[in-house]
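Ligands are counted one by one from 1 in listed order, and the atoms in each one are counted from 1 as well.
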Amino acid sequence: MDKILIHGGNTLKGSVKVSGAKNAALPTIAACLLSGGTHRLKNIPDLRDIRTIKEIMEKLGVVFHGEGASLDVNSDNLTSFEAPYEQVKTMRASILLLGPLLARYGKAKISLPGGCAIGARPVNLHLKALTAMGADMFLDHGYINASADRLRGANITFDIPTVTGTENIMMAAVTAEGTTVLKNAAREPEILDLADMLRGMGADIEGDGTDRIVIHGVNDLKPARHSVISDRIETGTFMIAAAITGGEIKIEGCRPEYLKALIEKLESAGARVEVTNDFVLVKGPDMLESVDIMTRPYPGFPTDLQAQFMTLMCVADGWSMIRETVFENRFIHVSELKRMGADIEINGNQALVKGTKALLSAPVMATDLRASASLILAALVAKGGPTEVHRIYHLDRGYENLEEKFKHLGATIWREKA
Ligand code: EPZ
């Protein structure tokens with residue numbers, strides 16, 4: 001198991017290019033189950049989660065060919081419809097295979113994703129919606145068993161705007177009989193990206209990006225030619241790195257229009273943010289101001305940047321209130337930040353952060369993907385010897401070559417076997 005070591009205190013400067021988005025690539029790869037032929041995908045990041053979904057799909061009989069960030073996918077000869085517990089337990093997003101398998105093959109057996117560090121994360125809304133579309137579902141020995149002759153369009157209102165739920169139903173509905181109307185749908189940019197890919201395959205979808213999506217089922221789809229959007233959470237992580245180190249970073253190949261909520265908060269904290277169509281330049285202030293945030297579904301402040309922004313507030317001047325409203329248990333990074341000298345009080349889904357002059361280096365442990373990024377950011381400014389961040393397999397799930405990219409920006413960072 002690897003660990004990352006960081007000598008804090010360097011001001012980060014330079015430019016960095018962000019990778020394709022994990023949370024766009026996962027549904028895009030799953031959607032390749034929806035039609036035969038060879039799908040050509042671009043800007044696919046090299047991440048552990050991408051390798052996991054490929055492993056599961058290879059077990060189904062899908063064939064992958066890939067060079068760098070390009071990936072060809074062929075699902076002509078499926079031999080199985082089962083996503084096994086061993087893989088699903090490592091990545092909840094495997095649930096994204098359910099909609100496409102049901103839509104194309106009328107059957108699927110997917111291990112029910114268990115809870116995860118940041119919350120219970122049930123998939124009841126996915127199952128309820130697919131049942132409304134005519135799927136027969138039963139749970140057996142920890143597996144979702146689903147079947148349907150042909151899914152049919154339905155009027156579905158989500159109790160909560162679920163991201164992968166919206167993606168699963170969009171994929172299930174594109175070849176369903178009739179029209180599906182999805183209300184209180186999620187509006188994340190990754191959903192627009194998936195809708196663009198599906199339209200490129202011949203699907204008839206309107207309203208993606210709003211809370212009401214209408215999908216008219218079609219009979220045939222053709223193979224995709226799609227390049228996934230860049231990763232707005234990776235972009236946000238580098239923007240916060242510039243602010244926390246008082247540095248100046250140009251982040252290239254990103255989509256700043258998807259980060260308005262973060263840009264607004266960084267400017268309130270005193271950072272200077274320059275935005276163009278495909279890059280954002282962030283200049284950190286000499287003294288950070290404390291700012292309150294509340295996570296919300298898109299276009300609100302992303303929960304996937306909450307931990308990183310909390311680290312920023314740990315070294316800001318004054319008190320800041322951080323409210324987490326999307327997941328019920330997403331403050332696990334707090335105890336590790338406190339080991340580095342942070343002053344944080346938790347009360348339910350609120351964390352009161354008292355900014356401190358300096359964080360101190362310490363051995364810390366990553367507990368989930370975004371928590372690991374928050375600890376790396378803390379280590380970039382920590383005083384004293386190197387900080388050791390353990391269990392970084394969490395980080396490798398969702399960040400491509402992060403330490404190389406930080407090294408290129410001037411950080412003293414390296415990876416070692418733990
Ligand atoms: C997606 O997860 C992302 N993952 C998450 O990113 C992200 O944190 C989350 O959306 C919110 O933005 C992927 O896209 C692969 P939800 P998802 O369904 O779809 C409740 C990262 O770090 N809910 O929108 O699983 C749920 O418990 C990851 O990259 C139900 O109750 O999240 C949560 O409280 C972490 N029943 C809320 O809705 C359901 O059936 C939002 O969850 C579905 C969801």
Would you kindly check if the NZ (Lys) or CZ (Arg) of Lys54 is within the cone defined by 45 degrees around the ring axis of Phe64 and under 6.0 Å from the six-membered ring centre? yes
Considering only NZ, NE, NH1 and NH2 on the basic side and carboxylate oxygens on the acidic side, decide whether Glu257 and Lys260 come within less than 4.0 Å. no
Protein N/O near ligand 1 N/O, under 3.5 Å, which pairs?
{"from": "ligand 1", "atom 1": "2 (O)", "to": "Arg121", "atom 2": "NH2", "distance (Å)": "3.2"}
{"from": "ligand 1", "atom 1": "6 (O)", "to": "Asn23", "atom 2": "ND2", "distance (Å)": "3.3"}
{"from": "ligand 1", "atom 1": "6 (O)", "to": "Asp304", "atom 2": "OD2", "distance (Å)": "3.0"}
{"from": "ligand 1", "atom 1": "8 (O)", "to": "Asp304", "atom 2": "OD1", "distance (Å)": "2.6"}
{"from": "ligand 1", "atom 1": "8 (O)", "to": "Asp304", "atom 2": "OD2", "distance (Å)": "3.4"}
{"from": "ligand 1", "atom 1": "18 (O)", "to": "Thr162", "atom 2": "OG1", "distance (Å)": "2.6"}
{"from": "ligand 1", "atom 1": "19 (O)", "to": "Thr164", "atom 2": "N", "distance (Å)": "2.8"}
{"from": "ligand 1", "atom 1": "19 (O)", "to": "Thr164", "atom 2": "OG1", "distance (Å)": "2.6"}
{"from": "ligand 1", "atom 1": "22 (O)", "to": "Arg370", "atom 2": "NE", "distance (Å)": "2.8"}
{"from": "ligand 1", "atom 1": "24 (O)", "to": "Val163", "atom 2": "N", "distance (Å)": "2.8"}
{"from": "ligand 1", "atom 1": "25 (O)", "to": "Arg121", "atom 2": "NH2", "distance (Å)": "2.9"}
{"from": "ligand 1", "atom 1": "29 (O)", "to": "Lys22", "atom 2": "NZ", "distance (Å)": "2.9"}
{"from": "ligand 1", "atom 1": "29 (O)", "to": "Asn23", "atom 2": "ND2", "distance (Å)": "3.1"}
{"from": "ligand 1", "atom 1": "29 (O)", "to": "Arg370", "atom 2": "NH2", "distance (Å)": "2.8"}
{"from": "ligand 1", "atom 1": "34 (O)", "to": "Val326", "atom 2": "O", "distance (Å)": "2.6"}
{"from": "ligand 1", "atom 1": "36 (N)", "to": "Pro122", "atom 2": "O", "distance (Å)": "3.3"}
{"from": "ligand 1", "atom 1": "36 (N)", "to": "Asn124", "atom 2": "OD1", "distance (Å)": "2.7"}
{"from": "ligand 1", "atom 1": "40 (O)", "to": "Pro122", "atom 2": "O", "distance (Å)": "3.3"}
{"from": "ligand 1", "atom 1": "40 (O)", "to": "Asn124", "atom 2": "N", "distance (Å)": "3.2"}
{"from": "ligand 1", "atom 1": "40 (O)", "to": "Asn124", "atom 2": "OD1", "distance (Å)": "3.1"}
{"from": "ligand 1", "atom 1": "40 (O)", "to": "Leu125", "atom 2": "N", "distance (Å)": "2.8"}

Does either side chain, that of Glu324 or that of Thr295, offer a donor lying less than 3.5 Å from an acceptor on the other one? yes
Does any donor atom in the side chain of Asp193 or His226 lie under 3.5 Å from an acceptor atom in the other side chain? yes
Give me the ring orientation class for Phe301 and Phe309: parallel if the planes are under 30° apart, tilted from 30 to 60°, perpendicular past 60°. perpendicular
With salt bridge (charged side-chain N to carboxylate O under 4.0 Å, His left out) as the test, pick out the partner of Asp304 among Lys22, Arg330, Arg232. Arg330
